[in-house]
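Data first, discussion second: the structure below is written as structure tokens.
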Amino acid sequence: MTERLTDQEQYRREKLAKLREKGMDPYPPRVPRTHTAEEAKRAFEAAPEGAEVRVTVAGRLMTIREMGKSTFAHIEDGSGRIQIYLRVDRLGEEAYDDFRKLYDIGDFVSVPGTLFRTRTGEITVLADSIALAAKTLRPLPDKWHGLKDTELRHRQRYLDLLANPEVREIFRVRARAVAALRRFLDERGFLEVETPILQPIYGGAAARPFITHHNQLDQDLYLRISFELYLKRLIVGGYERVYEIGRDFRNEGISFKHNPEFTQLEFYQAYADYNDVMRTAEEMVAFVAREAIGTTKITYQGQEIDLTPPWRRIRLRDAILEATGVDYEAYPDAESLFNAIIARGLEVEAKSSRGKLIDSLLGSYVEPDLIQPTFLIDYPIDVSPLAKKKPGSETTVERFEGFVAGMEICNAFSELNDPLDQRERFLAQGRDFAAGDEEAHQMDEDFITALSYGMPPTGGFGMGIDRLTMLLTDQPNIREVILFPHMRSRDRGSE
RNA sequence: GGGCCGCUAGCUCAAUUUGGCAGAGCAGCUGACUCUUAAUCAGCGGGUUAGAGGUUCGAGUCCUCUGCGGCUCACCA
């Protein structure tokens, strides 16, 4: 079983062998480095005119321009790029020759030298010597075009990152956004917590789960589809403000805005209702945008979007009425609503519950046009089994969803804290499940028990971090903001 | 899961329309060159055209199946 090597890989293996023959370690445990590329340039600029500035920089060789007895090259490190200049009269014949014959683009090197400015004004390290920090055995992607193949970019994200600087920036923005979320919530007295990912009963959202198994306990477990039911238990326990940022797993289709595992923020605040949460949500998103990209005015796929609060608020009923002419409150059951929808020539799934019909109208006729940030308010009860009813209503709950660029980014409600009502809601969900709705909630007795010890009036909130990052980085696909998005396994049967 | 589109050298792309020698740039190798920066100049090597099968005198190109990817619809956040 010999590896099939390309000609370029073979040349690099031969160079590796020659380096070892010459007693040079191609993978030394450490190399000297005094400055990053950026630090070196700043040090030169800060130094008095004509002063000698000595540095040792280290990084990956990205370009090599050889001109006989001297060579220019660029190395790249975590801070950026810096040019190095190698001359035979400084390195000596043998070292210079070794560099030319045994080093490749992609290799990591360490270079001590003095800084100078070239004729064209570029700050450059005039090398005293050069040492290998790590040998590279495969050629890098095209230095000019980068790596474009989407499949390779995602399967080998490291190549994408090293070849495409703009991709590196996306994940810096993402990290700043997450840090800003934590700062925002921490400053308001929220406690960051961690709750189980492996759950005996999944809940808190309408989705199909991934199933796994604990061997010793011989117990099936589910990867969580939300954090909700555990975070509310913590409100019962006496924490008044909690949040969690982590991964949810949903066994559903993959699309430009869906990945099987995705990152969610949920927070719960005692003595807040959904109106309080709405104000917090718009402030929080604006804060995160300012911290992560320096502005609340973003361009997403060519559309100018202003995240500055306050966001537009409109009742779901009014939004659907505006877009479709259907006033769902005039139709108290699924059949009459379905007939009204069909009568207007609109398309929805038949045999749906009333709530699902409304949700379907929302998804098809309202959501795509919600470009500027918008809160849709007051949802039908049968698609909101964990939300509190509006006072005086049996069919509507205190719930809102936030939309930006035609995409749902958050979901929140005044939390249902009536344990008996909650039990009834679970029972209704159980009937939906029996009727074939695989995403309906299961009865969760332990959660009901928690509620029956008393939970104060509470507002809860959930937001997709990936989608938020898509907005902040102007990316049209969720895979572009997830470092290692889910990919189908490659068939390697012949190897 | 359905529909449509795609897969050619390490990378970026031609050649596919109309079946007729599989090409270029970068990268690589050899040589020249002591301020270059997509360095330049001369020469050279590199391909199971995603895989399997079929049609044909002849297939990267047409047909079938499979794999993977992209877009899209459905479901979902």
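Excluded from the calculations below are hydrogen atoms, water molecules and symmetry mates; all remaining heavy atoms, backbone and side chain alike, are included. Throughout, protein chains are lettered first and strands after them, A, B, ... in sequence-line order, and every chain is numbered starting at 1.
The CZ atom of A:F72 sits 13.0 Å away from the CD atom of A:E66 when rounded to the nearest 0.5 Å.
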Show me the side-chain donor-acceptor pairs of residues 52-62 of chain A shorter than 3.5 Å, one per line, residues at least two apart or across chains.
| residue | atom | partner | partner atom | Å |
| --- | --- | --- | --- | --- |
| A:R54 | NH2 | A:D128 | OD2 | 2.6 |
| A:R60 | NH1 | A:G106 | O | 3.0 |

Every protein N/O lying under 3.5 Å from an N/O of nucleotides 31-36 of chain B:
| residue | atom | partner | partner atom | Å |
| --- | --- | --- | --- | --- |
| B:C33 | N3 | A:G68 | N | 3.0 |
| B:C33 | N4 | A:E66 | OE2 | 3.3 |
| B:C33 | N4 | A:G68 | N | 3.2 |
| B:U34 | OP2 | A:K69 | N | 3.2 |
| B:U34 | O4' | A:S70 | OG | 3.1 |
| B:U34 | O2 | A:R87 | NE | 3.3 |
| B:U34 | O2 | A:R87 | NH1 | 3.2 |
| B:U34 | O2 | A:R87 | NH2 | 3.0 |
| B:U34 | N3 | A:D89 | OD2 | 3.4 |
| B:C35 | O2' | A:R119 | NE | 3.2 |
| B:C35 | O2' | A:R119 | NH1 | 2.6 |
| B:C35 | O2 | A:R119 | N | 2.8 |
| B:U36 | O2' | A:R65 | NE | 3.4 |
| B:U36 | O2 | A:R65 | NE | 2.8 |
| B:U36 | O2 | A:R65 | NH2 | 3.1 |
| B:U36 | O2 | A:Q83 | OE1 | 3.1 |
| B:U36 | N3 | A:Q83 | OE1 | 2.9 |
| B:U36 | N3 | A:Q83 | NE2 | 3.0 |
| B:U36 | O4 | A:Q83 | NE2 | 2.9 |
| B:U36 | O4 | A:T118 | OG1 | 2.9 |

Using a cut-off of under 3.5 Å, enumerate the N/O to N/O pairs linking the protein to nucleotides 14-16 of chain B.
none

So which protein N/O to nucleotides 9-12 of chain B N/O distances come out below 3.5 Å?
| residue | atom | partner | partner atom | Å |
| --- | --- | --- | --- | --- |
| B:C11 | O2' | A:D142 | N | 3.1 |
| B:C11 | O2' | A:G146 | O | 3.0 |
| B:C11 | O2 | A:D142 | OD2 | 3.0 |
| B:U12 | OP1 | A:K148 | N | 3.0 |
| B:U12 | OP1 | A:D149 | N | 2.8 |

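Side-chain atoms of A:F256 lie closest to B:U72 of the nucleotides B:C68, B:U72, B:G28. Residue A:E252 places its side chain closer to B:C75 than to any other of B:C29, B:A38, B:C75. For A:E151, taking side-chain heavy atoms from C-beta onward, the closest of the listed nucleotides B:C68, B:C71, B:A77 is B:C68. With distances taken from any side-chain atom of A:E408 to the nucleotides B:G69, B:A77, B:A27, the minimum falls on B:A77.
A distance below 6.0 Å separates the ring centres of A:Y222 and A:Y202.
Between the side chains of A:Q83 and A:T124, at least one donor N or O sits under 3.5 Å from an acceptor N or O.
At least one donor-acceptor pair under 3.5 Å links the side chain of A:R157 to the backbone N or O of A:L483.
Sequence order on RNA chain B of the closest nucleotides to A:I478 and A:M487 puts A:M487 first from the 5' end. Nearer the 5' end of RNA chain B, as judged by each residue's closest nucleotide, is the contact made by A:S364, out of A:S364 and A:K257.
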- Item | Pairing pattern in dot-bracket form [Watson-Crick, G-U; both distances under 3.5 Å; | = partner strand] for RNA chain B | (((((((..((((......[..)))).(((((.......))))).....(((((..]....))))))))))))....

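A search for side-chain hydrogen bond (donor to acceptor under 3.5 Å, both in side chains) contacts involving A:E398 returns A:S414, not counting sequence neighbours.
Between A:R224 and A:E244 there is a salt bridge, with a side-chain nitrogen of the basic residue lying less than 4.0 Å from a carboxylate oxygen of the acidic one.
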- Do A:F413 and A:Y274 pass the ring-ring contact (aromatic ring centres under 6.0 Å, His included) test, and can you show the C-alpha distance, the side-chain angles, and the key distance before you say yes or no? CA-CA 5 Å; A:F413 24 93; A:Y274 75 146; 9.5 Å; no

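Considering all non-hydrogen atoms of both residues, A:L307 and A:P373 come closest at CD2-CG, 3.8 Å.
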